[in-house]
Amino acid sequence: MTDALLPAAPQPLEKENDGYFRKGCNPLAQTGRSKLQNQRAALNQQILKAVRMRTGAENLLKVATNPKVREQVRLELSFVNSDLQMLKEELEGLNISVGVYQNTEEAFTIPLIPLGLKETKDVDFSVVLKDFILEHYSEDGYLYEDEIADLMDLRQACRTPSRDEAGVELLMTYFIQLGFVESRFFPPTRQMGLLFTWYDSLTGVPVSQQNLLLEKASVLFNTGALYTQIGTRCDRQTQAGLENAIDAFQRAAGVLNYLKETFTHTPSYDMSPAMLSVLVKMMLAQAQESVFEKISLPGIRNEFFMLVKVAQEAAKVGEVYQQLHAAMSQVPVKENIPYSWASLACVKGHYYVALAHYFTAILLIDHQVKPGTDLDHQEKCLSQLYDRMPEGLTPLATLKNDQQRRQLGKSHLRRAMTHHEESVREASLCKKLRSIEVLQKVLCAAQERSRLTYAQHQEDDDLLNLIDAPSVVAKTEQEVDIILPQFSKLTVTDFFQKLGPLSVFSANKRWTPPRSIRFTAEEGDLGFTLRGNAPVQVHFLDPYCSASVAGAREGDYIVSIQLVDCKWLTVSEVMKLLKSFGEDEIEMKVVSLLDSTSSMHNKSATYSVGMQKTYSMICLAIDDDDKTDKTKKISKKLSFLSWGTNKNRQKSASTLCLPSVGVARPQVKKKLPSPFSLLNSDSSLY
């Protein structure tokens, strides 16, 4: 509304970072949003318990043959289903609790819809990663305790991100770090035994999978959700605040769209392609609504051309919300989208279409042709305002005829009142929307304004001169669009870079254990040359030199010389180090790459509690004879998330593609005790 109250000074909702916790995270901040997230986490646990009870009752009903037992089970099942339905309605109530996400100033504006963060369970990487480092990299896993602790601390911090750019950067940092972890520790031919569990943000149903792609997809979803919360928190009573809101919603749409195109078979309702498409539409609709508010913020001047512009902007917002409501009404989204969200989309669709007709009516009724009026420009604007003029009317004739202008203007007022009545009716049908006081005030005030304006110009013969008002053409001066996430702008250092360059020392490559080569340089001649970037390789090896006799092979990677780690050294640095020993005996450790087909076979398992359509237990059975047949190729079945990633690897930037990394020499550092050990690990505080 144009008569919105001036904003008060916004109050900080979260404590400033005191340096003890990771930047972008403050799990001790007790805000309305954190309390709401705590309630969501508690509901998730209750829903999980109810789903398990329902599954047990259904299984008992299938095998029971005694009629009395079956009747008792049916009775219990009805109670469990009722309890589960009540829990899901309570979760829906939390999803529409938009008040705590809005800015703190008192504003006469319709609230926007944010997304809640997905909850997760704790994951202990330490044992699995230490074992893999020892097995695959032939290094002591205990030397990487600090790095593993850093990874676990980062994951824990991502459960409570702050609602600002630092929080977004924290989530993106973890997402990129997961790309490094996936390349280092997750071979494509085996499972690591780590079970990742994430709760559906809309239904509360947990999804568990031994696949890092579920973790990456969920972190992306939370990144998009955090952008929506940033957008709703922006001060919509200032120009800068509205611009920030537009940017935040466009970035939220970009992250969710990237998630939809990259992970096309996620086993979670809130991350299904159909649901993500609707969420992208919702974010863009809210961005377009913020564009209208930005144009209206300085005040809508009662001028012909200004009213034409505002009417078309309002029609654009109404159009995108009508399209959003149609998308929310489609199966299967309709079954899982909160009813209050669909109702609010319908309400806003009618509300903004009503505003478009109201402003069109004002420009026709209040602006009669006067001497000096730019009639040609008005005729052009009026012709562009409609797809077609009412039968028997032309733009120029309507502008010149005062009676036609008034009759057409009043017909627009009647359509405006009709849409306002429909928006008020839709809002009254939804219990959650009836409880949003500011929404009721905005809708009633707009309806009353249109009614009073029509009453001022109403005449006795209006019913005898009815004109069917045409729809206003939707048009905007700022078309909103998705903004894709730019991971390459974020510099992230691999926690496990001490293992060596990722191009060689990765999980999908296997090599021999380090071999110790003891040799001497005869008359300053090493007997071989070096090639490649870090790590360097032995090249042009003299078969009769001391190194060759000691067991060196052409193509070996040099990993250390006299206990000096060489995995990150260049050719010149390694050569300088070798020559520094003169004719003394040199101990050099090397590794040789093995055939990649020697990797272990895959066992993939996905389990989604209470979701029959997404339940999958895929295990690759290999006979004993097949294990001994090394020439036989093994075809691996992919899990849900793997299908989408492999499908889109070529056409879009895959999550497996690593961004530019700030590579630094590994440094051994002392690790401070984790602050998260002070918290209860069974529940999230945010």
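Every heavy atom of this structure was used, including side-chain atoms; hydrogens, water molecules and symmetry mates were not. Numbering starts at 1 and runs along the sequence shown.
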Exercise. How about K567: does its NZ atom have over 12 heavy atoms from other parts shown lying under 6.0 Å from it?
Worked result: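 More than 12 heavy atoms, drawn from other residues, nucleotides or ligands, come within 6.0 Å of this atom.
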
Problem set entry | Neighbour count >12 (heavy atoms, 6.0 Å) for atom CG, D124 |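 Yes, because the 6.0 Å sphere around CG of D124 holds more than 12 heavy atoms from other groups.
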
Between [X] (side chain) and [Y] (backbone), is there a donor-acceptor pair under 3.5 Å?
{"X": "D200", "Y": "Y269", "value": "yes"}
{"X": "R184", "Y": "F505", "value": "yes"}
{"X": "N222", "Y": "K118", "value": "yes"}
{"X": "N244", "Y": "A240", "value": "yes"}
{"X": "S506", "Y": "S503", "value": "no"}
{"X": "S218", "Y": "E215", "value": "no"}
{"X": "T228", "Y": "L115", "value": "yes"}
{"X": "Q177", "Y": "V492", "value": "no"}
{"X": "H136", "Y": "N508", "value": "no"}
{"X": "Q440", "Y": "L433", "value": "yes"}

Problem set entry | Parallel, tilted or perpendicular: rings of Y137 and F132 (30°, 60°) |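 Ring orientation of F132 relative to Y137: perpendicular.
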
Side chain proximity check, [X] to [Y], heavy atoms < 4.5 angstrom:
{"X": "S272", "Y": "N336", "answer": "no"}
{"X": "T223", "Y": "M172", "answer": "yes"}
{"X": "Q210", "Y": "M192", "answer": "no"}
{"X": "V219", "Y": "R155", "answer": "no"}
{"X": "Q156", "Y": "M152", "answer": "no"}
{"X": "L279", "Y": "W341", "answer": "yes"}
{"X": "L324", "Y": "Y321", "answer": "yes"}
{"X": "L151", "Y": "L129", "answer": "yes"}

Kindly give the heavy-atom pair with the smallest separation between [X] and [Y], and that separation in Å.
{"X": "M328", "Y": "A342", "value": "SD-CA, 3.5 Å"}
{"X": "F175", "Y": "L220", "value": "CE1-CG, 3.6 Å"}
{"X": "A327", "Y": "K281", "value": "CB-CD, 4.0 Å"}
{"X": "S290", "Y": "L242", "value": "O-CD2, 4.0 Å"}
{"X": "L214", "Y": "S208", "value": "CD2-C, 4.3 Å"}
{"X": "R159", "Y": "T120", "value": "NH2-O, 2.8 Å"}

When rounded to the nearest 0.5 angstrom, what is the spacing between [atom1] in [X] and [atom2] in [Y]?
{"X": "I113", "Y": "M283", "atom1": "CD1", "atom2": "CE", "answer": "7.5 Å"}
{"X": "C158", "Y": "L178", "atom1": "SG", "atom2": "CG", "answer": "8.0 Å"}
{"X": "Y227", "Y": "I230", "atom1": "OH", "atom2": "CD1", "answer": "6.5 Å"}
{"X": "I176", "Y": "L490", "atom1": "CD1", "atom2": "CG", "answer": "4.5 Å"}
{"X": "I110", "Y": "Q286", "atom1": "CD1", "atom2": "CD", "answer": "11.0 Å"}
{"X": "L569", "Y": "N533", "atom1": "CG", "atom2": "CG", "answer": "12.0 Å"}

Exercise. Centroid-to-centroid, F185 to F496, below 6.0 Å?
Worked result: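 Yes, the ring centres sit under 6.0 Å apart.
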
Problem set entry | F221 and F263 aromatic centres sub-6.0 Å |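 Between F263 and F221, which both carry aromatic rings, the centre distance is not below 6.0 Å.
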
Problem set entry | Ion pair check, K216 and E182, cut-off under 4.0 Å |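 A salt bridge links K216 with E182.
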
For this session: Quick one: list whatever passes salt bridge (charged side-chain N to carboxylate O under 4.0 Å, His left out) with E169, sequence neighbours left out.
Result: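 Salt bridge (charged side-chain N to carboxylate O under 4.0 Å, His left out) check on E169 returns nothing, list empty.
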
Problem set entry | salt bridge (charged side-chain N to carboxylate O under 4.0 Å, His left out) involving E313 - partner list, sequence neighbours excluded |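 For E313, no residue satisfies salt bridge (charged side-chain N to carboxylate O under 4.0 Å, His left out) once neighbours in sequence are set aside.
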
For this session: Start with the C-alpha gap between I246 and Q478, add the side-chain angles, then the distance that decides, and say whether side chain to side chain contact (heavy atoms under 4.5 Å, CB included) holds.
Result: CA-CA 10 Å; I246 295 169; Q478 182 178 348; 3.9 Å; yes

For this session: Let me see the working for V207 and F196 under side chain to side chain contact (heavy atoms under 4.5 Å, CB included), right down to the final yes or no.
Result: CA-CA 8 Å; V207 175; F196 299 97; over 6 Å; no

For this session: Run the numbers on K260 and N257 for side chain to side chain contact (heavy atoms under 4.5 Å, CB included), then give the verdict.
Result: CA-CA 5 Å; K260 181 190 70 172; N257 189 71; 3.5 Å; yes

Exercise. Between V291 and K316, does a side chain to side chain contact (heavy atoms under 4.5 Å, CB included) hold up when you go through it step by step?
Worked result: CA-CA 10 Å; V291 170; K316 179 65 177 180; over 6 Å; no

Exercise. Does NZ or CZ of K498 lie under 6.0 Å from the centre of the six-membered ring of Y144, at an angle within 45° of the ring axis?
Worked result: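 Satisfied, under 6.0 Å and within 45°.
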
